[in-house]
Every structure is written in C-alpha cells, then in structure tokens.
Amino acid sequence: MLNGEQVLNELSKEKDRTSIPILSEDQKMVLEKKIVEYFFLKEEVIIKYYESGYIKTLTAYIVKLDSIKGIIYLSNNMHLHFSNILDILSKNT
C-alpha cells in the first residue's frame, strides 16, 4: 500500500506528463539535417526528446543512423526514433 508521500510523488509525476509536441514538416527537415551533420562531424550533441509522456534531455555522440527504420544509435547505448527527437544541438555551441 502507498503511503502519503508516495501518493504525492505519483501525483506530481502525472501532473508533469505531456503529450508529444508536434513539429512542422520544415522543423522535421531541419532536425534531420542537423542529425546527419552532427553524425558526420562526430560532435557530441545534446538531444531533447519525448519518452512516455515526458520531455527528456541527454548528451551523447551519434554512432549510427538507420534512415530506413528512422532510428539513431547513441554512444551511451541508447537509440531514439527520429519522431521522438524534438531538438538537437552541438555540445560545443
């Protein structure tokens, strides 16, 4: 059974949930160009992405692109679908 503090924590988490932001076709095109550019430049990037109702941020290198499946593979052993990526920036900027 949950105690009062656990209930409050769960309610707080639910309050922070959001639906995935919708990017325009132009925004998606710019984002995909940046992903390819950072991959070839081998730059460390900061990626803002959507996962399970939350907007998250991570820092990594892009190690592989799969344009057929729409997935990028990262140096931290994660992979993200292009459709979940909201923004990407060079860490050096």
Side-chain angles (χ1 to χ4, degrees):
M1 184 161 204
L2 297 175
N3 67 31
E5 186 176 338
Q6 290 171 324
V7 170
L8 289 176
N9 285 339
E10 289 300 316
L11 288 173
S12 178
K13 284 181 186 178
E14 280 302 311
K15 182 184 68 118
D16 292 339
R17 289 180 67 96
T18 185
S19 57
I20 188 167
I22 299 175
L23 301 179
S24 70
E25 289 303 314
D26 288 342
Q27 289 172 311
K28 290 177 190 177
M29 193 172 7
V30 168
L31 199 53
E32 288 180 16
K33 285 181 182 179
K34 288 166 80 175
I35 289 168
V36 171
E37 178 183 344
Y38 293 140
F39 170 69
F40 284 110
L41 292 173
K42 299 187 183 326
E43 286 194 41
E44 190 172 21
V45 292
I46 300 168
I47 300 174
K48 186 164 80 170
Y49 65 101
Y50 178 84
E51 181 180 71
S52 302
Y54 299 96
I55 296 174
K56 300 180 178 185
T57 304
L58 65 80
T59 302
Y61 291 91
I62 302 169
V63 295
K64 181 180 174 186
L65 296 175
D66 186 334
S67 58
I68 304 292
K69 294 180 182 176
I71 296 174
I72 66 169
Y73 296 87
L74 304 168
S75 59
N76 61 359
N77 295 322
M78 284 184 63
H79 66 276
L80 296 171
H81 290 271
F82 283 16
S83 60
N84 290 339
I85 299 172
L86 304 175
D87 199 10
I88 185 168
L89 303 166
S90 169
K91 187 174 180 193
N92 299 328
T93 309

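Along the sequence shown, residues carry numbers from 1.
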Spacing of [atom1] belonging to [X] relative to [atom2] belonging to [Y], to within rounding of 0.5 Å:
X   : Y   : atom1 : atom2 : result
I72 : Y61 : CD1   : OH    : 14.5 Å
F40 : L65 : CZ    : CG    : 7.0 Å
S52 : I20 : OG    : CD1   : 10.5 Å

If we only count heavy atoms from C-beta on, is the [X] to [Y] side-chain gap below 4.5 Å?
X   : Y   : result
E44 : T59 : yes
F82 : L31 : no
M29 : E32 : no

Can you get from [X] to [Y] by hopping between Ile, Leu, Val, Met, Phe, Trp and Tyr side chains that sit under 4.5 Å apart?
X   : Y   : value
V36 : Y38 : yes
I85 : L74 : yes
Y54 : M78 : no

Original post:
Can you list every pair that meets side-chain hydrogen bond (donor to acceptor under 3.5 Å, both in side chains) and has a residue in residues 65-80, with sequence neighbours left out?
Top reply: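 Matches after skipping sequence neighbours: none remain.
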Contact summary for [X] and [Y], nearest pair of heavy atoms:
X   : Y   : value
F39 : I62 : CD1-O, 3.4 Å
S19 : Y50 : C-CE1, 3.6 Å
L23 : K28 : O-CE, 3.4 Å
I22 : Q27 : O-OE1, 4.3 Å

Original post:
So, Y49 side chain and L58 main chain: donor-acceptor pair closer than 3.5 Å or not?
Top reply: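 Pair absent, no side-chain N/O of Y49 close to backbone of L58.
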Original post:
Who passes side-chain hydrogen bond (donor to acceptor under 3.5 Å, both in side chains) against E43, sequence neighbours left out?
Top reply: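 Result, side-chain hydrogen bond (donor to acceptor under 3.5 Å, both in side chains) vs E43: S90.
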Original post:
Is the closest basic N to carboxylate O distance between K34 and E37 below 4.0 Å?
Top reply: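 No salt bridge links K34 with E37.
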Subject >> N84 vs E51, side-chain contact (heavy atoms from CB on, under 4.5 Å): CA-CA, chis, key distance, verdict >> reply: CA-CA 7 Å; N84 290 339; E51 181 180 71; over 6 Å; no
